[in-house]
Structure formats: C-alpha cells, structure tokens
Amino acid sequence: MRLITWNINSLRLRLPLLQRLIEEQAPDVICLQETKVPDPLYPRDALAELGFPHQLYRGMKSYNGVTILSRTPLEPITGTPDWCGREDCRHVAASIQTETGPVTLHNFYVPAGGDIPDPQENEKFAHKLAFLEEATAWFRANPPQRSILVGDLNIAPLEHDVWSHRQLLKIVSHTPPETTRLTEWLHAGFEDAMRKAIPEPEKLFTWWSYRNRDWKKSNRGRRLDHIWTTPDLLPGLKTINVLSPMRDWTSPSDHVPVMMDLAV
DNA sequence: ATGGTAGAGCTTCTA
C-alpha cells in the first residue's frame with residue numbers, strides 16, 4: 001500500500017497539484033489536512049475522476065478540514081472524540097481493507113498553537129497542549145492495533161527535525177511542553193515510521209515557511225508532518241519518501257507530502 | 001529584535 005499525507009493548504013486551490021502528485025506517485029490512499037472547504041463544497045466528482053471515488057471528509061469554512069481519499073472502499077470510524085469539544089474538523093478516521101485484513105487509519109490536524117509558547121498568555125497554545133493530552137489519554141484508553149496515524153501534528157519533536165534546535169527551543173512547534181507531549185502520544189501505542197526509515201541525525205523537514213524568500217537556500221525547515229504505525233505493521237515498512245521537490249511547484253503548499261510504502 | 005508570505009473571505013484571522 002502506498003500512502004501519502006499532505007497539508008495541502010486549500011484543497012480547491014491546489015487540485016491541479018494534487019492531480020500531478022497522483023499521476024507521478026500513484027498512491028492508494030491520500031490523507032489531506034487544511035482542506036479549507038465546507039462539506040457541501042467538497043470536490044467529490046473531481047476527486048473521483050482522479051481515481052479516488054472513496055472519500056471521507058470533515059471540513060468547515062476557511063479553516064482546518066481533513067479528508068481521506070482511497071481507491072478502494074473506506075469504512076468510516078465513528079465514536080472518536082470531538083477533541084476539546086470544538087467541532088473544528090481536525091480528525092477523521094477510517095478502516096481500510098488490505099490483503100492481510102483491515103487497517104485503521106487516523107488523519108489528524110493538530111492546532112498550530114499561535115506564537116507565544118505560554119498557555120497562560122496564549123489560549124491557542126493552551127488548546128494545543130490540551131489537544132495533545134486528550135489524544136494521548138484516548139489512545140491509552142483505546143490501544144491501537146494495525147493502525148496508522150498521520151497528519152500535520154504541528155510539532156517537530158527531535159533535535160534534527162528543525163534547522164536549528166538551539167534557536168527553536170522557544171519557538172512554538174519545538175518547545176519542550178509540546179515535544180514531550182507529542183512523544184507521550186507516540187508512546188501510547190505507535191512507532192515513528194519516518195524516523196525508523198530515516199533515523200537521526202539526518203535532518204528531516206516537511207515544512208518551509210512561506211516567509212523565507214528562498215526556502216531551499218536558507219533551508220529553515222521543520223518536520224511538522226508525521227507518519228506513525230503500530231508495531232505490528234512495522235515489519236511491512238518499505239520506504240518513506242519526503243517529496244521535497246513539490247515545494248518548488250507553482251503555487252505550492254508550505255508543506256510537502258510524505259509518502260510511505262507499506263506491505264500489508 | 002523584527003519582519004517576512006499565503007489563503008479564505010471579507011477589511012481580519014489563521015498559519
């Protein structure tokens with residue numbers, strides 16, 4: 001199975017890029033974040049024509065929004081929490097059929113958390129920490145098996161997940177309150193598949209700010225996008241590929257896709 | 001220490 005996760009930053013705007021991605025990489029399953037499209041305006045037909053008639057989506061106006069696309073049928077997983085009681089379209093889950101049996105797939109868009117890394121001063125940062133704690137508690141109470149968790153988790157947990165560990169320690173996405181919580185969530189039953197395939201100290205980034213004039217030259221990236229699997233699936237891990245060249249496509253997202261080939 | 005850019009939809013918020 002070939003799976004891609006990508007923060008597309010507007011699904012409707014970047015449908016042509018998604019089409020090219022599908023043509024070049026031929027994924028079986030695609031998880032997108034920041035679709036920024038309300039459900040009634042979701043481009044069902046266009047995506048079906050690209051080979052993905054099986055769609056699960058949860059969107060809202062302007063912000064957030066997640067979707068899972070599949071060439072083969074998806075079974076929606078219901079009964080997952082409404083994280084932080086906000087109904088803000090940051091998680092969707094499905095069961096997908098494989099030759100070796102069903103696999104559970106979680107697609108998350110974790111709150112970015114604003115600029116000030118202090119939950120007292122910054123409600124968005126407080127929300128981010130609460131979201132991480134809720135997710136950790138839920139997976140501890142519902143231990144995952146044969147599961148994949150992907151998404152824009154908006155945290156770069158390891159030293160070599162950022163261009164400068166020292167300079168980013170007080171920058172939201174790499175502060176200890178976030179990285180320790182993300183690691184606790186991971187340890188609620190998952191393995192970091194990206195780092196199994198590409199271990200530290202190799203630098204690994206999936207996001208480069210729009211605010212750098214030349215992203216490649218300055219290379220001030222962060223690994224904000226993740227692919228986790230439960231240990232039972234890890235023997236099937238073949239390759240992880242960060243599709244960095246897409247950052248140079250016309251009108252790119254600030255995130256690039258991460259692709260995994262998994263034998264299931 | 002600061003400001004730089006992008007998207008959605010409306011003149012601001014979020015990232």
Side-chain angles (χ1 to χ4, degrees), chain A residues 5-21 31-43 46 57-67 83-84 86-91 107-119 121-132 150-157 161-164 166-175 177-179 181-182 205-226 243-258:
Chain A
T5 179
W6 186 26
N7 180 321
I8 194 169
N9 189 14
S10 175
L11 172 56
R12 286 174 291 176
L13 186 71
R14 273 181 254 287
L15 265 176
L17 275 71
L18 182 60
Q19 174 170 7
R20 182 175 163 195
L21 172 65
C31 296
L32 302 173
Q33 305 86 33
E34 282 206 270
T35 55
K36 295 185 175 177
V37 58
D39 290 345
L41 299 178
Y42 186 88
Y57 47 89
R58 185 171 292 165
M60 58 194 280
K61 192 169 153 180
S62 298
Y63 308 119
N64 311 329
V66 285
T67 185
W83 308 101
C84 302
R86 296 193 184 219
E87 300 182 343
D88 57 1
C89 307
R90 295 182 179 276
H91 175 222
N107 179 16
F108 274 96
Y109 175 53
V110 170
D115 289 333
I116 303 165
D118 178 346
E121 281 186 54
N122 174 7
E123 187 279 330
K124 291 179 196 165
F125 195 73
H127 177 212
K128 185 176 196 175
L129 298 184
F131 191 104
L132 297 166
V150 306
D152 176 4
L153 305 185
N154 264 316
I155 297 170
D161 292 341
V162 293
W163 62 276
S164 169
R166 187 180 60 83
Q167 285 177 263
L168 287 174
L169 272 171
K170 292 179 179 174
I171 302 297
V172 171
S173 73
H174 195 59
T175 69
E178 296 165 83
T179 57
R181 280 169 179 78
L182 192 72
F205 308 148
T206 65
W207 172 89
W208 291 263
S209 171
Y210 284 126
R211 297 177 191 182
N212 290 318
R213 200 150 269 133
D214 186 337
W215 72 277
K216 206 182 286 177
K217 187 178 172 193
S218 57
N219 196 24
R220 295 187 167 188
R222 306 178 199 170
R223 183 171 73 113
L224 303 182
D225 303 274
H226 296 268
L243 303 178
S244 309
M246 280 186 66
R247 190 64 179 74
D248 269 337
W249 288 10
T250 303
S251 191
S253 170
D254 45 356
H255 296 252
V256 296
V258 185

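The chains referred to below are lettered A, B, ... by the order of the sequence lines, with proteins before strands, and numbering in each begins at 1.
- Comparing the P positions of B:dA6 and B:dT2 gives an interatomic distance of 23 Å, to the nearest angstrom.
- For A:Asp225 and B:dA15, the CG to P distance is 15 Å, given to the nearest whole Å.
- B:dT14 and B:dC10 have their C1' atoms separated by 14 Å, given to the nearest Å.
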Below 3.5 Å is the cut-off: list the nitrogen or oxygen pairs between protein and nucleotides 5-7 of chain B, distance only.
from	atom 1	to	atom 2	distance (Å)
B:dT5	OP1	A:Arg213	NH2	3.2
B:dT5	O4'	A:Tyr210	O	3.1
B:dT5	N3	A:Arg211	NE	3.4
B:dG7	OP1	A:Arg14	NH1	3.2

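- Each of A:Leu11 and A:Gly114 lies near DNA chain B, and the nucleotide nearest A:Leu11 is the one positioned closer to the 5' end.
- Listed by chain and number, the residues in a salt bridge (charged side-chain N to carboxylate O under 4.0 Å, His left out) with A:Asp152 amount to none (sequence neighbours excluded).
- Atom name C1', nucleotides B:dC13 and B:dG9: the rounded distance is 10 Å, in whole Å.
- Taking atom CE on A:Met60 and atom C1' on B:dG9, their separation rounds to 13 Å, with Å as the unit.
- Mapping A:Arg12 and A:His255 onto DNA chain B via the closest heavy atom, the residue that lands nearer the 5' end is A:Arg12.
- Only the C1' atoms considered, B:dT11 is 15 Å distant from B:dG7, to the nearest whole Å.
- If you take CZ of A:Arg220 and C1' of B:dA15, they are 19 Å apart, rounded to a whole angstrom.
- In this structure A:Phe131 satisfies the ring pair (Phe, Tyr, Trp, His ring centres under 6.0 Å) test together with A:Trp83, sequence neighbours excluded.
- Atom pair A:Gln33:CD and B:dT14:C1' shows a separation of 16 Å (rounding to whole Å applied).
- When heavy atoms are screened at a 4.0 angstrom cut-off, A:Arg247 is found touching no nucleic acid atom at all.
- Following rounding to the nearest Å, A:His127 (NE2) and B:dA15 (C1') show an atom-to-atom distance of 14 Å.
- Taking atom CG of residue A:Asn7 and atom P of nucleotide B:dA8, one finds them 12 Å apart after rounding to whole Å.
- Ion pairing between A:Glu123 and A:Arg86 holds under the 4.0 Å rule for side-chain N and carboxylate O.
- For A:Arg20, the salt bridge (charged side-chain N to carboxylate O under 4.0 Å, His left out) partners are A:Glu24, not counting sequence neighbours.
- The CG atom of A:Asp115 sits 16 Å away from the P atom of B:dA1 (whole-angstrom rounding).
- B:dA15 atom P lies 6 Å from atom CZ of A:Arg90, rounded to whole Å.
- Here the options are A:Met60, A:Lys61, A:Arg12, the test is side-chain contact (heavy atoms from CB on, under 4.5 Å), and the partner is A:Val37; only A:Arg12 passes.
- Take A:Lys216 and apply the salt bridge (charged side-chain N to carboxylate O under 4.0 Å, His left out) test, not counting sequence neighbours, and it matches A:Asp248.
- Taking atom P on both nucleotides, B:dA1 is separated from B:dT12 by 29 Å, rounded to a whole Å.
- For A:Lys124, a side-chain nitrogen or oxygen approaches OP1 or OP2 of B:dT14 to under 4.0 Å.
- Judged as a ring pair (Phe, Tyr, Trp, His ring centres under 6.0 Å), and not counting sequence neighbours, the contacts of A:Tyr42 are A:Tyr57.
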